[in-house]
Peer 1: 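Supplied in structure tokens, the structure appears directly below.
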Amino acid sequence: MNKYRTHNCNELRKDNDGDKVVLSGWINKKRDHGNLLFIDLRDNYGITQCIIDKENSNFEKLEKIQLETVIKIQGKVIKRSNDSINKEIKTGEIEVIIQNFEVLGECKELPLPVFSDQEYAEEIRLKYRFLDLRRKKIHENIILRSKVISFIRNEMIKHGFLEFQTPILTSSSPEGARDFLVPSRLNPGKFYALPQAPQQFKQLVMVSGFDKYFQIAPCFRDEDARADRSPGEFYQLDLEMSFVEQDDVFKVVETLFVNTFKEFSNKKLLFNKFPKISYKESMLKYGSDKPDLRNPLIINDITDIFLRKDVSFEIFKKLVKQGSNVRCIITKNTKDKPRSFFDNIDKWAKEQGASGLAYFTFEKDKDNLISAKGPVGKFFPEEALKEIMSKTDAKIGDSIFLACGKQIDLEKITSLARDKIAKDLQLIDNNTFAFCWIVDYPMFEKDEITKSIKFSHNPFSMPQGEIDKIDFKNPLEILAYQYDLVCNGIELSSGAIRNHIPSLMYKLFNIAGYSKLDVDQKFSGMINALSYGAPPHGGIAPGIDRIVMLLADEKNIREVTMFPMNQNAQDLMMNAPSNVSENQLKELNLLIKKK
RNA sequence: GGGGGUGUAGCUCAGUUGGUUAGAGCGAUCGCCUGUCACGCGAUAGGUCGAGGGUUCGAGUCCCUUCACUCCCGCCA
């Protein structure tokens with residue numbers, strides 16, 4: 001028999017009545033009645049109420065003991081009387097009468113209470129993460145994360161994928177995010193980089209003939225943090241397949257996500273077959289390439305209305321003549337909303353840096369004529385209103401919010417407004433997951449500052465269309481087999497069918513300003529491998545942390561990360577990053593520049 | 001790099017128009033209490049009001065500077 005326990009703290013039931021047991025765990029809570037003491041003993045599995053009275057010689061010692069001390073108790077299980085059963089816990093029908101106990105791990109006065117639903121400052125939670133992780137909600141989140149990863153791994157293996165590890169110390173790449181660098185001792189002055197993703201390696205795995213690969217892969221990017229973005233490191237389900245087209249990848253991923261989300265959440269899936277939305281359509285209808293499809297509001301472009309002679313909204317008309325566009329959002333049946341509802345949204349838009357949102361409501365007057373009610377309604381005669389209604393599917397009683405500006409600013413403000421208005425009108429069903437694919441990303445985009453052409457996503461993506469018919473003269477028109485998976489407005493994943501043809505790759509890199517020599521030098525491993533018989537291949541890499549975040553219904557990625565860093569990329573518990581000794585620096589041929 | 005929010009007891013927070021000795025709950029310590037499960041009751045200790053400077057007869061409160069944490073923008077192929 002194990003000397004620490006015969007049962008865990010979630011095991012004993014009324015059938016155990018009379019059993020002699022040994023339990024070990026943390027003191028979760030004490031309730032001291034002077035001559036009678038209740039102790040809630042907690043371990044990973046649950047809680048068992050233990051009890052001792054003054055007759056026992058251990059009583060005084062246990063009465064003084066600190067919460068969160070680890071103890072072992074020997075005792076006897078007894079059934080609780082009917083009126084003292086606790087239905088909140090699985091062991092609530094019994095309790096253990098303590099006969100003897102032993103302290104296994106002492107506990108100092110706590111810097112934060114473990115038994116409490118209160119929220120605490122992150123700083124103290126991160127410093128004492130081992131205490132924070134004992135708390136119920138986050139403890140369960142971390143267990144969920146483990147189960148999700150196991151489940152995904154099983155599913156992948158079931159579908160014939162092989163799991164491989166790829167190097168953590170690799171080379172710096174010129175594209176993408178900022179690298180974390182590791183100095184090389186044996187190669188003075190040179191550096192390894194931690195992989196931003198195993199992108200090149202997984203392609204090399206395909207070239208090596210392994211057909212289907214996956215990995216729960218750590219990825220390192222030295223960029224600033226956000227609520228849904230850990231600084232430094234995160235995990236991807238990295239996967240790649242040979243001899244596939246885009247739809248083959250989609251099929252695998254959809255099956256995986258539907259199964260995973262059904263297994264770990266009770267929320268509804270809005271689509272079992274994820275809709276595909278082109279990048280262009282998404283930017284127009286939702287103002288974003290990560291639309292929240294739970295939100296029924298849709299953006300329409302009605303620039304043409306402001307070319308009509310009978311419309312007299314001169315501010316917008318002037319801007320339209322100068323090249324601006326007008327986009328709008330229709331809200332259904334909002335004619336009875338108070339003025340303050342509309343004005344609040346206009347005020348909010350101004351706070352977001354826009355010039356505000358104009359609005360009016362479609363009405364019918366007593367002569368059955370359509371009119372517009374609202375501050376700018378008078379500028380729109382009936383015929384113009386009819387045209388707006390047919391373009392936007394608006395009905396009498398609906399309202400319209402209008403924004404005018406340059407396309408990029410319009411996309412930004414209408415996207416934000418779409419979220420804001422839906423939130424105010426409570427249009428979003430929080431009990432739903434709405435997945436979609438965003439497809440047909442442009443291969444290139446124009447850098448607004450330098451005016452040069454650059455890759456808009458992954459330079460290794462395959463352009464669409466027949467290869468010998470691609471119009472390289474108009475690079476901004478070239479679409480790529482590049483796709484994102486989005487759920488509830490969160491970007492979960494990016495992927496692509498890869499370009500496995502070196503000659504085509506040189507052409508595309510040339511457009512982005514890289515010579516053949518540049519490509520040969522910077523991507524030598526890749527380009528070399530693709531020259532020796534590479535299969536067509538493609539893949540994707542869903543973010544594990546964000547998947548768990550959605551399943552755990554958490555807003556912050558640190559709630560599903562066991563030992564996260566803070567916003568300044570510091571580990572407050574381990575004191576990382578830290579200074580190193582002169583000797584270590586010397587070995588690495590490094591000098592620290594004094595300020 | 002830029003913008004917003006927060007910072008008061010170990011923890012979570014209150015603190016009015018600038019005005020006497022800065023408060024509460026939890027936790028800690030001590031005492032009372034044999035059926036609680038957020039047990040209850042009483043007492044005690046615990047404060048550089050993030051830091052520095054300024055205005056003022058007087059600053060937790062107003063002003064300036066600065067630090068920490070956090071959210072957002074930039075950034076994240």
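First the proteins, then the strands, lettered A, B, ... as listed; each starts at 1. The figures here come from the full heavy-atom set of this structure, side chains too, leaving out hydrogens, waters and symmetry mates.
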Peer 1: May I have the distance from A:E95 (atom CD) to B:U36 (atom C1'), rounded to whole angstrom?
Peer 2: 9 Å

Peer 1: What's the gap between B:C57 and B:U17 when it is taken at their P atoms, as a whole Å value?
Peer 2: 22 Å

Peer 1: Give A:N568 one of three labels, base, sugar-phosphate or nothing, depending on what nucleic acid heavy atoms sit under 4.0 Å from its own.
Peer 2: sugar-phosphate

Peer 1: Using the C1' atom in both, what is the distance from B:C13 to B:G27, to the nearest Å?
Peer 2: 14 Å

Peer 1: Could you list the residues that satisfy side-chain hydrogen bond (donor to acceptor under 3.5 Å, both in side chains) with A:Q570, not counting sequence neighbours?
Peer 2: A:N566

Peer 1: Does the pair A:E240/A:R498 count as a salt bridge with the N-to-O cut at 4.0 Å?
Peer 2: yes

Peer 1: In residues 107-116 of chain A, what donor-acceptor pairs under 3.5 Å come from side-chain atoms, sequence neighbours left out?
Peer 2:
{"residue": "A:S116", "atom": "OG", "partner": "A:Q118", "partner atom": "N", "Å": "3.0"}
{"residue": "A:S116", "atom": "OG", "partner": "A:Y120", "partner atom": "OH", "Å": "3.1"}

Peer 1: Under 4.0 Å from any atom of RNA chain B, heavy atoms only: list the residues of residues 128-136 of chain A that qualify, in numerical order.
Peer 2: none

Peer 1: Can you list everything that forms a ring pair (Phe, Tyr, Trp, His ring centres under 6.0 Å) with A:Y192? Sequence neighbours excluded, please.
Peer 2: none

Peer 1: Sugar-phosphate atoms are those with a prime plus P, OP1 and OP2; base atoms are the rest. Using that split, label each nucleotide of nucleotides 27-34 of chain B B, S or - for protein heavy atoms under 4.0 Å, 5' to 3'.
Peer 2: SS--S-BB

Peer 1: Going by side-chain contact (heavy atoms from CB on, under 4.5 Å), A:N499 matches just one of A:K507, A:M462, A:M526. Which one?
Peer 2: A:M462

Peer 1: Based on Watson-Crick and G-U pairs with both distances under 3.5 Å, what dot-bracket line describes RNA chain B 5' to 3', crossing pairs as [ ] and inter-strand pairs as |?
Peer 2: (((((((..((((.....[...)))).(((((.......))))).....(((((..]....))))))))))))....

Peer 1: Kindly list each side-chain donor-acceptor pair under 3.5 angstrom involving residues 478-486 of chain A, sequence neighbours excluded, with atom names and distances?
Peer 2:
{"residue": "A:Q482", "atom": "OE1", "partner": "A:S461", "partner atom": "OG", "Å": "2.7"}
{"residue": "A:Q482", "atom": "NE2", "partner": "A:G495", "partner atom": "O", "Å": "3.2"}
{"residue": "A:Y483", "atom": "OH", "partner": "A:A496", "partner atom": "N", "Å": "3.4"}
{"residue": "A:Y483", "atom": "OH", "partner": "A:A496", "partner atom": "O", "Å": "3.3"}
{"residue": "A:Y483", "atom": "OH", "partner": "A:G539", "partner atom": "O", "Å": "2.9"}
{"residue": "A:D484", "atom": "OD1", "partner": "A:S494", "partner atom": "OG", "Å": "2.5"}
{"residue": "A:D484", "atom": "OD2", "partner": "A:Y441", "partner atom": "OH", "Å": "3.0"}

Peer 1: Of all residues at least two apart in sequence or in a different chain, which pass the ring pair (Phe, Tyr, Trp, His ring centres under 6.0 Å) check with A:H33?
Peer 2: A:F38

Peer 1: For B:G60 and B:G18, measure between their C1' atoms and round to the nearest Å.
Peer 2: 11 Å

Peer 1: Within a reach of under 6.0 Å around NZ of A:K30, are more than 12 heavy atoms found that belong to other residues, nucleotides or ligands?
Peer 2: yes

Peer 1: Taking the same atom, P, in B:G15 and in B:G50, what whole-Å distance lies between them?
Peer 2: 14 Å

Peer 1: I need the full list of salt bridge (Lys or Arg N to Asp or Glu O under 4.0 Å) pairs touching residues 509-520 of chain A, with sequence neighbours left out, sorted by first then second residue.
Peer 2: A:K516-A:D520

Peer 1: Quick one: list whatever passes salt bridge (charged side-chain N to carboxylate O under 4.0 Å, His left out) with A:E559, sequence neighbours left out.
Peer 2: A:R125

Peer 1: For the C1' atoms, the ones on B:A45 and on B:U16, what distance do you get once it is rounded to whole angstrom?
Peer 2: 29 Å

Peer 1: Round to a whole Å and report the spacing from CD of A:Q118 to P of B:G10.
Peer 2: 15 Å

Peer 1: Heavy atoms only, 4.0 Å cut-off, all strands: where does A:I124 land among base, sugar-phosphate and nothing?
Peer 2: sugar-phosphate

Peer 1: Scan A:R125 against the nucleic acid and name what it touches under 4.0 Å (heavy atoms): base, sugar-phosphate only, or nothing.
Peer 2: nothing

Peer 1: Name all residues meeting the ring pair (Phe, Tyr, Trp, His ring centres under 6.0 Å) criterion together with A:F509; count only those two or more places apart in sequence or in a different chain, and write none if there are none.
Peer 2: A:F455, A:Y514, A:F523

Peer 1: Report the distance from atom CD of A:E123 to atom C1' of B:G7, rounded to the nearest whole Å.
Peer 2: 10 Å

Peer 1: Between B:G46 and B:G10, how far apart are the two C1' atoms, rounded to whole Å?
Peer 2: 9 Å

Peer 1: How far, in whole Å, is B:A9 from B:G4 if one measures between their C1' atoms?
Peer 2: 29 Å

Peer 1: With a 4.0 Å cut-off on heavy atoms, is A:Y120 in touch with a base, just the backbone sugar-phosphate, or nothing at all?
Peer 2: sugar-phosphate

Peer 1: Can you tell me the distance, in whole Å, between the CG atom of A:D40 and the C1' atom of B:U36?
Peer 2: 9 Å

Peer 1: Which parts of nucleotides 72-77 of chain B does protein reach within less than 4.0 Å, heavy atoms only, written one letter per nucleotide 5' to 3' as B for base, S for sugar-phosphate only and - for none?
Peer 2: SBBBBB

Peer 1: Touch check for A:Q49, heavy atoms < 4.0 angstrom, all strands: base, sugar-phosphate only, or nothing?
Peer 2: base

Peer 1: For B:C63 and B:G7, measure between their P atoms and round to the nearest Å.
Peer 2: 15 Å

Peer 1: So does A:Y235 have more than 12 non-hydrogen atoms from other groups sitting under 6.0 Å from OH?
Peer 2: no

Peer 1: Does a nitrogen or oxygen in the side chain of A:R31 sit under 4.0 Å from OP1 or OP2 of B:U36?
Peer 2: no

Peer 1: Select base, sugar-phosphate, or nothing to describe what A:N566 touches, counting heavy atoms under 4.0 Å on all strands.
Peer 2: sugar-phosphate

Peer 1: In this structure, are over 12 heavy atoms from other groups packed under 6.0 Å from A:E281 atom CD?
Peer 2: yes

Peer 1: Regarding A:E554 and A:N141, is there a side-chain donor-to-acceptor distance under 3.5 Å anywhere?
Peer 2: yes

Peer 1: Quick check: does any side chain N or O of A:R145 sit under 3.5 Å from a backbone N or O of A:V560, one acting as donor and the other as acceptor?
Peer 2: yes

